[in-house]
Amino acid sequence: MQPVVTLFEHQRVSYAELGLDANASILQVLDRLNAQSKTDLIVLERTALRTTQYVGILEVPGLTLQILPKIDYEPPTGNLSIEESAIRNFLLLLLYAQDIRLHQQTLASLRTARGPWLEMMIHLFATELQTQIQQGLHQDYQWCEDSLPYLRGRWNITRQFSHRPNIHQGLEVTYEDYTLDTPLNRFFRWTTHTLRRLSYQPENRRLLAYLEDWLLPVHLPPHLSVYEVERIGFNRLNERFRPAYELALLYLKGLTEQLLPGTQRLLAFVFDMNRLFEAFVTNLILKHQQYLLPPAWQNTKIYVQGGPTIHHLAKVESSGSPLFRLKPDIIIGDLVQPLLIIDTKNKVLSGSNYAAGVEEEDIYQMVTYALHFRCPHVLLLYPRPKGENNVIPPVSLQIEGQDIRVFVATLDLHQPLDPIDPILRDMRKIFDYFATIERRPQEVY
């Protein structure tokens, strides 16, 4: 196993600190990884590299970069390092953001497991799938085509005369068979086979080998596409496998691997933290609406990404062609005149005066939302800076010449995300504030 260097998002580290020089071949390989991804997963400067909003694993020959989000915490018992707390919170944030509901036995294993982030991800998948397979493999009826010496199911006459016109060679038949070789099991076989190659941790490799033994009767596809995997359906017979399927789908969608000469490889398995924070907040509000929203808002609708209707800021007068699409992260209330519009920003506000740390372009964006949707109250929601433990009510910015207020609030992610209750209490206080907003004196900056 090659060295693993742990960095945090938006961190700058010199090449000298990594034991590299500016002309190291590793940097050329990282540059190639950026080019393949069509974005800067990591910024290569003249004397240093700088991480971006992409978090996860970048592996090149001779170096593995583990990039973690800034959501670490001080464990009360001191049994976790800063990196380990960030890894654990990263996994939980990812589960909430993707709405993956693991079974309790799998979540309990997360409290004692240790290792790099990718190995922890592999551990979650393998533990979840093992729990379900030990209760029995999934079986289902599948349509099969075969050449048999006897008639079974339907005789495929078209195939018969195009492939075996001499019926003494066998009958071309199509029939239903109750089998283990289902699309879902093939996906699990492919995933366990792939992860077994990627894992270095002996316990994970042992567990994946055990799962592969169970899945040996299932065909191993050479490759799979997201399209065919997303067509896999669920019913009461295979619903218990859904969490393992959703974890496996993350690998299929997010894992980029390229084999190099010999046994070397390029590997990228990263997530955009900006999108993760947005999805995390959105799913918490959707899932816990009854708890979070004030009583007067309980029956209101919640729209994501601007709702079902496509909105634009402007259009070309001569042709009517729309320009500049508007996609607020969350709209609470009617689309004609919402109660509140929320936009998440994965940026760190510095200092106690949050209003002074808001970027100008973010304010312009929120004012545009307020004017277009005729919503006088709009909220910018950020991660709270580490060390700010108190829940600060939303700071209000009154827009000059308009009946619009842009509010700024934060969520404390520098605490254990299991259980999620403290985060929910923070969010509920924010929404309760809006329920009484007309009766409070406003802070104007």
Side-chain angles (χ1 to χ4, degrees), residues 97 274-289 291-298 300-307 311 326-350 352-385 388 390-400 402-413 423-445:
N274 296 345
R275 294 183 181 275
L276 278 186
F277 181 60
E278 174 191 330
F280 171 73
V281 172
T282 299
N283 282 335
L284 285 186
I285 293 175
L286 292 174
K287 187 176 179 180
H288 300 280
Q289 177 179 355
Y291 173 78
L292 294 174
L293 297 187
W297 293 12
Q298 285 295 320
T300 57
K301 292 183 178 180
I302 298 176
Y303 298 96
V304 177
Q305 292 294 302
H311 302 268
L326 301 176
K327 294 171 61 178
D329 292 344
I330 303 163
I331 298 176
I332 298 177
D334 194 281
L335 287 175
V336 176
Q337 192 171 359
L339 296 167
L340 181 66
I341 291 176
I342 304 173
D343 218 63
T344 60
K345 301 294 179 185
N346 182 47
K347 303 173 183 178
V348 178
L349 298 176
S350 57
S352 58
N353 183 1
Y354 291 164
V358 177
E359 293 185 8
E360 192 173 315
E361 62 184 27
D362 294 335
I363 294 295
Y364 291 153
Q365 179 187 24
M366 298 309 287
V367 171
T368 300
Y369 288 160
L371 291 170
H372 181 85
F373 290 95
R374 295 191 294 172
C375 180
H377 298 153
V378 288
L379 172 66
L380 282 167
L381 193 57
Y382 296 82
R384 186 172 306 155
E388 295 284 343
N390 57 322
V391 178
I392 300 176
V395 174
S396 172
L397 289 80
Q398 177 70 51
I399 302 303
E400 292 287 343
Q402 298 287 337
D403 186 22
I404 294 172
R405 284 181 295 215
V406 179
F407 294 88
V408 182
T410 61
L411 290 178
D412 183 12
L413 300 183
I423 296 287
L424 294 178
R425 286 194 290 270
D426 272 11
M427 294 178 72
R428 184 172 181 172
K429 289 177 181 179
I430 292 171
F431 286 117
D432 284 346
Y433 177 85
F434 283 98
T436 59
I437 198 170
E438 297 301 329
R439 297 191 296 274
R440 287 193 178 191
Q442 301 301 315
E443 303 172 59
V444 180
Y445 288 82

Enquirer: Which residues satisfy the side chain to side chain donor-acceptor pair (under 3.5 Å) test with Asp343, sequence neighbours excluded?
Expert: Lys345
Enquirer: Going from SG on Cys375 to CE on Met366, what distance comes out if it is rounded to the nearest 0.5 angstrom?
Expert: 8.5 Å
Enquirer: Distance-only check: which donor-acceptor pairs under 3.5 Å involve side-chain atoms of residues 329-342, not counting sequence neighbours?
Expert:
| unit_1 | atom_1 | unit_2 | atom_2 | d |
| --- | --- | --- | --- | --- |
| Asp329 | OD2 | Thr344 | N | 2.8 |
| Asp329 | OD2 | Thr344 | OG1 | 3.0 |
| Asp334 | OD1 | Val336 | N | 2.7 |

Enquirer: Answer yes or no: is there a side-chain heavy-atom contact under 4.5 Å between Val358 and Leu397?
Expert: no
Enquirer: Do Lys287 and Asn283 have side chains that approach each other closer than 4.5 Å (heavy atoms only, starting at C-beta)?
Expert: no
Enquirer: More than 12 heavy atoms of other residues, nucleotides or ligands under 6.0 Å from CD of Glu360: is that the case?
Expert: no
Enquirer: Look at the rings of Phe434 and Phe407 and say which category their plane angle falls in: under 30° parallel, 30 to 60° tilted, over 60° perpendicular.
Expert: perpendicular
Enquirer: To the nearest 0.5 Å, what is the distance between CD1 (Ile302) and CH2 (Trp297)?
Expert: 10.0 Å
Enquirer: Can you list the residues that meet the side chain to side chain donor-acceptor pair (under 3.5 Å) rule with Glu361, with sequence neighbours excluded?
Expert: none
Enquirer: Could you work out, with side chain to side chain donor-acceptor pair (under 3.5 Å) as the rule, every residue matching Gln402, not counting sequence neighbours?
Expert: none
Enquirer: Keeping the roles fixed (side chain from Gln289, backbone from Thr300), state whether a donor-acceptor pair exists under 3.5 Å.
Expert: yes
Enquirer: Check the pair Ile423, Leu413 against side-chain contact (heavy atoms from CB on, under 4.5 Å), reporting the backbone distance first and the verdict last.
Expert: CA-CA 8 Å; Ile423 296 287; Leu413 300 183; 4.0 Å; yes
Enquirer: Decide yes or no for Ile363 and Leu380: does some side-chain heavy atom of the first lie under 4.5 Å from some side-chain heavy atom of the second?
Expert: yes
Enquirer: Residues in side chain to side chain donor-acceptor pair (under 3.5 Å) with Tyr291, at least two apart?
Expert: none
Enquirer: Which distance, rounded to the nearest 0.5 Å, do you find between the CG of Leu411 and the CG of Leu381?
Expert: 4.5 Å
Enquirer: Do you know which two heavy atoms are closest between Asp412 and Arg384, and how far apart they sit?
Expert: CB-NH1, 3.4 Å
Enquirer: Step by step, would you call Asp432 with Thr436 a side-chain contact (heavy atoms from CB on, under 4.5 Å)?
Expert: CA-CA 7 Å; Asp432 284 346; Thr436 59; over 6 Å; no
Enquirer: Less than 3.5 Å apart, any donor N or O on the side chain of Glu359 or Gln365 sitting next to an acceptor on the other?
Expert: no
Enquirer: Work out which heavy atom in Leu292 is nearest to a heavy atom in Phe431; give both atom names and the distance.
Expert: O-CB, 3.5 Å
Enquirer: Could you list the residues that satisfy side-chain contact (heavy atoms from CB on, under 4.5 Å) with His372, not counting sequence neighbours?
Expert: His311, Leu326
Enquirer: Is the shortest side-chain heavy-atom distance between Asn346 and Pro383 below 4.5 Å?
Expert: yes
Enquirer: Compare all side-chain heavy atoms of Pro328 with those of Tyr303 and state whether any distance is below 4.5 angstrom.
Expert: no
Enquirer: Kindly give the heavy-atom pair with the smallest separation between Leu293 and Gln298, and that separation in Å.
Expert: O-NE2, 2.6 Å
Enquirer: For the residue pair Tyr382 and Asp362, what are the closest heavy atoms and their distance?
Expert: OH-OD2, 3.7 Å
Enquirer: Contact between Asp426 and Thr410 at the side-chain level, heavy atoms closer than 4.5 Å - yes or no?
Expert: no
